[in-house]
Amino acid sequence: MPEQSGKVQTVLGLIEPDQLGRTMTHEHLTMTFECSHVPVAPGDESLATAPIEMKHLHWLQQNPYSHNENLLLNQEIEAVKEELLCYRKAGGGSIVENTTTGITRNLPALRQLAKDTGVHIIAGAGYYVDVTHSDETRKMTVEKLTDIIVSEVLSGADGTDIRCGVIGEIGTGWPITDSEKKVLQATAHAQTQLGCPVIIHPGRNNAAPGEVIRILQEAGADISKTVMSHLDRTIFDRQELLEFAKKGSYLEYDLFGTEMLNYPFNLDVDMPSDSQRVQVLAFLIKEGYEDRILIAHDIHTKHRLTKYGGHGYCHILKNIVPKMLSRGITQNQVDKILIENPKQWLTFK
Ligand SMILES: CC(=O)NCCS(=O)(=O)O
């Protein structure tokens with residue numbers, strides 16, 4: 001039985017699950033997102049390179065992926081440290097940092113942030129979406145990919161001795177590419193060996209989450225220990241959502257704080273507001289899924305930091321929890337979503 005069994009693995013080592021406290025299960029503290037750059041609309045070219053300033057904030061909120069510097073969250077370690085101190089003050093305990101290979105994972109920085117702030121940080125193993133896969137990654141067999149993921153959890157990643165405590169976010173697009181499929185199969189095989197939590201970034205299509213679960217299941221994954229991220233921009237029809245929920249994964253609404261008119265990665269999508277997200281949570285609870293819900297902000301660009309006028313990592317604790325309570329979600333259910341469900345998910349079997 002691996003030493004991780006019954007514990008949670010943070011960047012500072014193993015902890016007891018009860019030490020986690022309130023946990024955001026899908027955040028980034030340092031990463032780059034140039035792989036998702038969206039060309040700027042004609043006429044807006046000067047805005048794409050202008051310094052981030054209050055007078056451009058609305059434009060940036062509507063066009064976050066067209067501003068080059070906005071995609072470099074890795075330049076903001078000091079601001080993130082301040083935010084994490086505030087997160088702890090607001091009652092936060094832990095953060096799952098979902099940055100995987102392809103979007104500039106920085107484990108030494110995560111370890112330092114955990115030391116400096118007292119927030120438990122759990123790092124992610126594995127690979128982001130196909131466009132970030134190197135030629136070397138693409139050529140790897142499922143066995144080789146499995147070995148790498150296992151070693152990132154058991155020994156440390158990126159040449160460090162800092163160990164990952166979840167697999168993911170594992171990136172997939174739509175349709176799922178051959179290379180992404182191999183990574184999903186390797187994820188399932190590694191999870192079978194390790195008994196560890198898994199988290200998935202699905203493609204931007206309502207069929208994508210179900211197809212990922214099918215591939216994982218066929219490869220032997222434990223779906224009950226797997227999180228499907230970004231459901232806020234992926235499955236909108238409530239019956240379809242219930243069909244997906246029956247598959248047994250955790251259901252993650254992790255774009256709290258993101259309110260934009262045109263979602264540039266899929267213009268057919270109407271990005272919900274935070275109020276609409278809370279309505280979906282209430283619906284899932286009513287349908288009996290309170291043990292399966294997780295929430296987060298998935299901060300992955302600069303403009304969402306308070307330093308730049310954004311909502312920051314405390315938004316859920318400070319603003320969304322009161323809204324949930326005002327919409328009939330009980331304190332007990334809030335605690336399940338923020339404490340108990342993350343704890344169950346993050347504890348190694
Ligand atoms: C870092 C990351 O993958 N965020 C997800 C952004 S998306 O718009 O929900 O795909």
Side-chain angles (χ1 to χ4, degrees), residues 24-38 60-67 70-76 80 95-106 110 122-133 166-177 180 183-184 187 198-209 211-212 227-236 250-274 276-277 280 294-305 310-311 313 315:
M24 299 298 137
T25 49
H26 198 132
E27 302 296 346
H28 299 269
L29 303 176
T30 168
M31 64 168 279
T32 57
F33 207 37
E34 290 150 306
C35 62
S36 297
H37 179 263
V38 172
L60 197 57
Q61 286 164 343
Q62 298 300 319
N63 301 276
Y65 307 112
S66 299
H67 187 283
N70 194 37
L71 306 178
L72 303 176
L73 185 64
N74 63 336
Q75 297 177 336
E76 298 294 341
V80 168
I95 281 185
V96 183
E97 215 282 352
N98 277 253
T99 306
T100 44
T101 300
I103 46 176
T104 322
R105 179 174 53 196
N106 184 346
L110 298 188
I122 295 103
Y127 299 83
Y128 194 59
V129 299
D130 184 286
V131 70
T132 69
H133 293 185
V166 302
I167 303 176
E169 64 183 297
I170 295 301
T172 59
W174 188 257
I176 297 167
T177 68
E180 288 169 347
V183 172
L184 284 173
T187 295
V198 162
I199 183 162
I200 302 294
H201 164 110
R204 296 163 185 125
N205 183 288
N206 58 339
E211 179 61 6
V212 168
V227 175
M228 190 54 65
S229 305
H230 312 326
L231 285 174
D232 359 17
R233 55 85 166 143
T234 314
I235 299 183
F236 300 94
Y250 285 98
L251 309 166
E252 193 177 73
Y253 285 77
D254 49 30
L255 295 168
F256 274 97
T258 305
E259 300 198 349
M260 54 164 60
L261 192 58
N262 296 306
Y263 176 59
F265 299 135
N266 181 350
L267 291 172
D268 289 337
V269 161
D270 284 331
M271 184 62 87
S273 67
D274 281 350
Q276 289 168 317
R277 290 184 177 99
V280 182
L294 297 170
I295 58 176
H297 313 90
D298 187 19
I299 291 181
H300 52 275
T301 48
K302 289 187 185 191
H303 80 290
R304 295 176 67 197
L305 300 176
H311 54 78
Y313 297 91
H315 176 54

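One-based numbering along the sequence shown. Every number for a ligand or one of its atoms is a count from 1 in the order of the listing. These numbers come from a predicted model, not from an experiment.
For ligand 1, the 4.0 Å heavy-atom shell takes in His28, Phe33, Tyr128, Glu169, His201, Arg204, His230, Arg233, Leu255, Tyr263, Phe265, Asp298, His300, ordered by chain and residue number.
Listed by chain and residue number, nothing satisfies the salt bridge (charged side-chain N to carboxylate O under 4.0 Å, His left out) test with Arg304 (two or more places apart in sequence, or in another chain).
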Would you sort out whether Asn98 and His28 count as a side chain to side chain contact (heavy atoms under 4.5 Å, CB included), showing the intermediate values? CA-CA 6 Å; Asn98 277 253; His28 299 269; 3.7 Å; yes
Checking Ser229 against Glu169 for the side chain to side chain donor-acceptor pair (under 3.5 Å) test, could you report, in this order, the C-alpha distance in whole Å, the side-chain angles of both residues, the deciding distance, and whether it holds? CA-CA 8 Å; Ser229 305; Glu169 64 183 297; 5.4 Å; no
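Of the candidates His201, His300, His297, His230, His230 is the only one forming a ring-ring contact (aromatic ring centres under 6.0 Å, His included) with His26.
Judged by the 6.0 Å and 45° rule, Arg277 forms no cation-pi pair with Tyr253.
Environment of CG in Asn266: crowded, with over 12 heavy atoms of neighbouring residues, nucleotides or ligands closer than 6.0 Å.
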